[in-house]
Each structure stands twice: as structure tokens, then as C-alpha cells.
Amino acid sequence: MHKNHGKVLTIGHSNHEIGVFVELLRQHRIDVLADVRSAPYSRFNPQFNREPFAASLKEKGIRYVYLGRELGGRSDNFECYDEEGRIVFDRVAATETFKRGLARVVDGAARHRIALMCAEKEPLECHRTLLVACELDHRSVEVDHIHADGSLESHDQAMTRLIELVLPREGPLIRQTEPPKDVMIAEAVERQVRRIGFRDRSLAATFAESMQ
């Protein structure tokens, strides 16, 4: 698909020192960082707690925007969870709150070099890829993922890697019988979300009680 609506990058703060993290942003000419963590605080890496982190970025000339309520991997809307209390990203993406947040990113990408930030080092372990980047890709926005060593991986490359990791039996060895790539991506993402996605056990208990 031809991408013609700007470019967005993603990055995980992992356990980087703040100076190293800022250099990664500078390496890729980021001037706006959108924080998509549902909870913008880190117990083990307090340098990325929302207020001091935003101040650190401002000192370096990088604008900080918090979009965790709109684009976070958890939701305060119980309709975004299944009967087991697991988050369902398709339901999150269908909410007006998410759509507004995504529209802000798409609009901003036309004027700024934006990176979406969450905590996880590996893009395939994070909703920034499995939810937000996938929805941007559906809207013809080019997405690249910044790895901890500064290298870039396109979203298409990331999805190919996910297919090979999650759907090994449907991988390159039997190309003749493979379904279309978009179908394989959807299946791989669904499996990965069930593995790493947030689960609210209290919602599962509430649902079980309502069925009795």
C-alpha cells in the first residue's frame, strides 16, 4: 500500500539512561514525543515518570505530549474487555476516544517528526505496535520502530517477524498454502495480544458472577 500521510516512529524507553534515550530521539530527528503509556510512571525507571521526563525533554527542545488515555494499552471502558477480562484491541480501536487520539497523531505527523513511546524494549511485546501502529498502517501512515541500538525496523518488517515468531507452521516453508499476508498478520497479532495483553481479573470475576 502506498503511504502518503506522513511518518510516525515508535520507541520503548526500556531501562535506558535519560541521556541515552534522548540521543536515540535526536538520532532520528524526533521533535515531538507522544507518551502512550496508560500509566506514565515507572517504578524501576523513575527517570521516565511523566513530570520529570517531560521536563528533561523540554530542556532538550523536544515536546512531550501525553496520549495514554486515548492510545493506551489498557482501557477504563469495560466493553473493551472479553469475558475473561482480557483487553480486546479491536474494541479499543473502535472507541471514539481512541479514534480522536489517533487523529491527533495523524494530523501531527504532517508537521512534526513524532515518536510514540511506551515502556517495552521489544516492539512486538507492546501495544504501540500491536494496536496503535497497526491502526496507523491501516490509515496509510508509514511507521518505523526504533530499536534499543538505534536501528530502524519498518512496520511491515515487524509484522513479517511476528508471523514467523507466532505462526511458525504457516511460515515461509509452505508458501504454496499460505493465506494472504494481511490475514496472517491479523491472526499473529490476535495470538500475540492474547499472550501479552492486559488482563483485568476483577472483570473476569464480575462476568462469571453475572452468568450464575
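- With rounding to the nearest 0.5 Å, the separation of CG in Asp200 from CZ in Phe78 is 12.5 Å.
- A donor-acceptor distance shorter than 3.5 angstrom exists from the side chain of Ser38 to the backbone of Gly73, with no hydrogens or angles considered.
- Side-chain contact check for Met159 versus Val189: some heavy-atom pair is nearer than 4.5 Å.
- Tyr41 and Phe198 are not part of a single hydrophobic cluster, where members link through side-chain heavy atoms under 4.5 Å apart.
- For the residue pair Asp149/Ser151, the side-chain donor-acceptor check at 3.5 Å is satisfied.
- Taking all atoms of both residues into account, the shortest heavy-atom contact from Cys118 to His127 is SG-CE1, 3.6 Å.
- Across all non-hydrogen atoms, the minimal contact from Pro123 to His147 is CD-CE1, 3.6 Å.
- Remark: side-chain polar atoms of Glu153 are not paired, donor with acceptor, to backbone N or O of Asp144 under 3.5 angstrom.
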- Task: With side chain to side chain donor-acceptor pair (under 3.5 Å) as the test, would you mind laying out the steps for Ser154 and Asp156 before giving the verdict?
- Result: CA-CA 5 Å; Ser154 72; Asp156 185 67; 5.2 Å; no
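- Separating the CZ atom in Arg113 from the CD1 atom in Ile30 is a distance of 5.5 Å, to the nearest 0.5 Å.
- When all heavy atoms of Val65 and Arg63 are compared, the closest pair comes out as CG2-NE, 3.7 Å.
- What you find for Ile114 and Gly108 is that their closest heavy atoms are CD1-C, 3.4 Å.
- With a 4.5 Å cut-off on side-chain heavy atoms, Leu25 and Leu33 count as touching.
- Contact check on Glu190 versus Arg195 returns no salt bridge, with no Lys/Arg side-chain nitrogen under 4.0 Å from an Asp/Glu carboxylate oxygen.
- For the pair Glu120 and Glu125, the tightest heavy-atom approach, listed with the atom from each and the gap, is CG-O, 3.7 Å.
- Pairing each heavy atom of Thr129 with each of His155, the nearest pair is O-CE1, 3.7 Å.
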- Steps toward side chain to side chain contact (heavy atoms under 4.5 Å, CB included) verdict (Glu135, Val92): CA-CA 11 Å; Glu135 291 300 319; Val92 176; over 6 Å; no
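- No more than 12 heavy atoms of other residues, nucleotides or ligands sit less than 6.0 Å from atom NZ of Lys58.
- Considering OG of Ser75 and CZ of Arg69, their distance stands at 9.0 Å, rounded to 0.5 Å.
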- Test Leu167 against Arg191 for side chain to side chain contact (heavy atoms under 4.5 Å, CB included), laying out the working first. CA-CA 9 Å; Leu167 305 177; Arg191 293 191 189 187; 3.3 Å; yes
- Carefully, step by step, assess Arg161 and Glu164 under the rule salt bridge (charged side-chain N to carboxylate O under 4.0 Å, His left out). CA-CA 5 Å; Arg161 186 160 62 91; Glu164 293 173 352; over 6 Å; no
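- Considering only heavy atoms from C-beta on, Leu152 stays 4.5 Å or farther from His145 through its side chain.
- No path of Ile, Leu, Val, Met, Phe, Trp and Tyr side chains, each step under 4.5 Å between heavy atoms, connects Leu24 with Val36, placing them in separate hydrophobic clusters.
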- Check the pair Val32, Ile62 against side chain to side chain contact (heavy atoms under 4.5 Å, CB included), reporting the backbone distance first and the verdict last. CA-CA 6 Å; Val32 176; Ile62 300 171; 6.0 Å; no
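- Remark: side-chain polar atoms of Asn49 are not paired, donor with acceptor, to backbone N or O of Pro52 under 3.5 angstrom.
- In this structure, CG on Asn77 lies 8.5 Å from CD1 on Ile87, to the nearest 0.5 angstrom.
- With Gln27 contributing its side chain and Gly150 its backbone, the two residues share a donor-acceptor pair below 3.5 Å.
- The closest donor-acceptor contact from the side chain of Asn45 to the backbone of Gln47 lies at 3.5 Å or more, if one exists at all.
- Linking ILVMFWY residues whenever their side-chain heavy atoms come closer than 4.5 Å, directly or via other members, places Val143 and Phe89 in the same cluster.
- Atom CD of Glu17 has 12 or fewer neighbouring heavy atoms from other residues, nucleotides or ligands inside a 6.0 Å radius.
- Within the 4.5 Å cutoff, side-chain heavy atoms of Leu67 are placed close to those of Arg104.
- Within a 6.0 Å sphere centred on NZ of Lys99, other residues, nucleotides and ligands contribute more than 12 heavy atoms.
- The shortest side-chain heavy-atom distance between Leu116 and Leu9 does not fall under the 4.5 Å cut-off.
- With a 4.5 Å cut-off on side-chain heavy atoms, Val88 and Tyr81 do not count as touching.
- To the nearest 0.5 Å, the span separating CZ on Arg91 from CG on Asp82 amounts to 6.0 Å.
- If you take SG on Cys126 and CD1 on Ile196, they are separated by 7.0 Å, rounding to the nearest 0.5 Å.
- Side-chain contact between Cys80 and Thr95 is present, with heavy atoms from C-beta onward closer than 4.5 Å.
- Looking only at side-chain heavy atoms (C-beta outward), Glu122 and Ser14 stay at 4.5 Å or farther from each other.
- Hydrophobic clustering keeps Tyr64 apart from Leu71 (ILVMFWY residues linked when any side-chain heavy atoms are closer than 4.5 Å, directly or through intermediates).
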- Go through Leu102 and Glu70 one step at a time and tell me if the side chain to side chain contact (heavy atoms under 4.5 Å, CB included) criterion holds. CA-CA 8 Å; Leu102 204 69; Glu70 295 87 348; over 6 Å; no
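- Under the 4.5 Å side-chain heavy-atom criterion for grouping Ile, Leu, Val, Met, Phe, Trp and Tyr, Val166 is connected to Leu130 within one hydrophobic cluster.
- Salt-bridge check for Glu96 with Arg100: failed, with every basic side-chain N at 4.0 Å or more from each acidic carboxylate O.
- Residue pairs meeting the ring-ring contact (aromatic ring centres under 6.0 Å, His included) criterion with at least one partner in residues 14-38, sequence neighbours excluded, are Phe21-Phe48, Phe21-Phe53.
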